[in-house]
There are 2 protein chains.
Amino acid sequence: MTSQPAFRRVEPDARRASLIEACARVLAREGAAGASVRAIALEAGVSPGLVGHHFGGVDALIAATYAQVEAQVSAALDAAVAAAGPDPRARLNAYVSASLLPPIADNALLSTWIAFWSLVRARPEIARLHDEQYGRFRAGLEALLAEAGVPSPALRRTAIAATALVDGLWLELCLSPHTFAEGEAAQIAREGLAGLTSTGR
Amino acid sequence: MTSQPAFRRVEPDARRASLIEACARVLAREGAAGASVRAIALEAGVSPGLVGHHFGGVDALIAATYAQVEAQVSAALDAAVAAAGPDPRARLNAYVSASLLPPIADNALLSTWIAFWSLVRARPEIARLHDEQYGRFRAGLEALLAEAGVPSPALRRTAIAATALVDGLWLELCLSPHTFAEGEAAQIAREGLAGLTSTGR
DNA sequence: TCGCTTGCTGAACGATCGTATAACAAGCGC
DNA sequence: GCGCTTGTTATACGATCGTTCAGCAAGCGA
């Protein structure tokens, strides 16, 4: 009889993408402590050695996963803003609401983010990626706040406060999802944002 | 010559306290990934076996450390409120400001908290402790908001928003301390709180 | 159909993890 | 001063960690 191939050869880029996806799933399911080379390789259906072969080490794989997940989140937020139309306030609300609604508020994704946070202290590369991500999120919020009429002097602080509000709700939504529903978190964020911006101008 | 004792016998309660303090220091310095039995025992100046002897396992030690750190934070917040005098708004501001100022905003303490968060998914006991801690913090905020005149229907959501605001600032202060100064975070929180409460009534 | 490139495997390595346990000794009570 | 309680140490165990690497084999090109 003809034996089927023991494994399939895949071009490097596709294999790397496959490993990144598997890493994201493991991080979401088991947290940072469970994201071992062997667990990720098992999830991807390959041998442990492939991680070292394509990424050099598990740290680089996790960093790449961070970058990819963040790109997806960023794209989803941009899409939500674009779909909200031209009204500045509507665009602002869309940005904040989308951050706390599926698919971004998906529990697995939030767990993945927590895992990244827990690695910030130990991995300088992850810390650098976090700074970039936080800066991007706040810059996006600043731009929308400026559109909505928040005056320039208060812009930075209002954006920081709004970012913190969203992050805090996001965090609690992940740590204990039963405290409040996803929809409630988004509503609280919108109401809070109204309060924050009414003070600033 | 007379050889000095190889170790000192300490009563269980004192030794447990010593191990908890060592655990907190290790968590602050190296994060959750570095909080191994051996690292904690080395920090405390004892042998690794003592952790098992006094706590049964490392999980119980970490949970006990969480409980103790949280008690210290809670006590510091209560003291800040008490020192603020009778004015409701001043008491509210004191509660929020104290959360983002030393010694609570101490970087080591915030790192400790991040380590706890990273353990919430894997350790049900830690998750339970987090729920209790979050509930206590929000309840304290709700009481102060009620004093300050926030009407009952908006109380819950205002408290959730304010808690999220503080947690988000706290988080960013820990992940990248260079983003803003400690004093700035507290100021942003006070301004944001004013906005949140002005909307609610 | 055959050879060659190279993606891939799987075993092995040393380090470190949490835990269990037998032996030791500090220091109190007598 | 001496025995006893028990806090403490030191070691050993099995599991799992990240990484390495020699060799296999998939599948394209000739």
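Values in this document were obtained by computation on a predicted structure and should not be read as measured data. Lettering of chains follows the sequences in order, A, B, ..., and the numbering in each one begins at 1. All values below come from the heavy atoms of this structure, side chains included, with hydrogens, waters and symmetry mates left out.
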#### Entry: Atom-pair distance (CG on Asp13(A); P on dC8(C)), nearest Å
12 Å
### Task
Classify the nucleic acid contact of Val46(A) as base, sugar-phosphate or nothing, counting any heavy atom under 4.0 Å across all strands shown.
sugar-phosphate
### Message
Using 30° and 60° as the class boundaries, would you call the ring planes of Tyr66(A) and Phe116(A) parallel, tilted or perpendicular?
### Response
parallel
### Query
Expressed in angstrom and rounded to an integer, what is the separation of Leu50(A) atom CG from dT20(D) atom P?
15 Å
### Task
Scan Gly52(B) against the nucleic acid and name what it touches under 4.0 Å (heavy atoms): base, sugar-phosphate only, or nothing.
nothing
### Query
Between Arg89(B) and Thr197(B), is any side-chain donor less than 3.5 angstrom from a side-chain acceptor?
yes
### Query
Per the atom types in the model, does the base of dT6(C) pair as donor or acceptor with the side chain of Arg9(A) at under 3.5 Å?
yes
### Query
Below 4.0 angstrom from OP1 or OP2 of dG7(D), is there any side-chain N or O of Arg8(B)?
no
### Task
Would you check if there is a donor-acceptor pair between the side chains of Ser97(B) and Arg190(B) at a distance under 3.5 Å?
yes
### Task
Can you tell me the distance, in whole Å, between the CG atom of Leu42(A) and the C1' atom of dT9(C)?
15 Å
### Nucleotide dG7(C), atom P - distance to CG of Leu19(A) in whole Å
13 Å
#### Entry: 5' precedence on DNA chain C between Val58(B) and Phe7(B) (nearest-nucleotide basis)
Val58(B)
### Task
Please state whether the phosphate of dT8(D), meaning OP1 or OP2, lies under 4.0 angstrom from any side-chain nitrogen or oxygen of Ser47(B).
no
### Query
When you match Gly49(B) and Ala39(A) each to their closest nucleotide on DNA chain D, which lands nearer the 5' end?
Gly49(B)
### Task
May I ask you to say what His53(B) touches in the nucleic acid, namely base, sugar-phosphate or nothing, with a heavy-atom cut-off under 4.0 Å?
base
#### Entry: Length of the NE2-C1' vector between His54(A) and dC21(D), whole Å
16 Å
### Task
Answer with yes or no whether the side chains of Arg25(A) and Thr112(A) bring together a donor and an acceptor at under 3.5 Å.
no
### Task
For the side chain of Arg38(B), starting at C-beta, report the closest nucleotide among dG18(C), dG18(D), dT8(D).
dG18(C)
### Task
Using distance alone, with no hydrogens and no angle criterion, decide if Ser176(B) and Glu172(B) have a side-chain donor and acceptor under 3.5 Å apart.
yes
#### Entry: Separation of dT16(D) P from Glu30(A) CD (nearest whole Å)
12 Å
### Message
Rounded to whole Å, how long is the line connecting atom CZ of Phe55(A) with atom C1' of dG18(D)?
### Response
16 Å
### Rounded interatomic separation in angstrom, taking CD from Glu11(A) and C1' from dT5(C)
16 Å
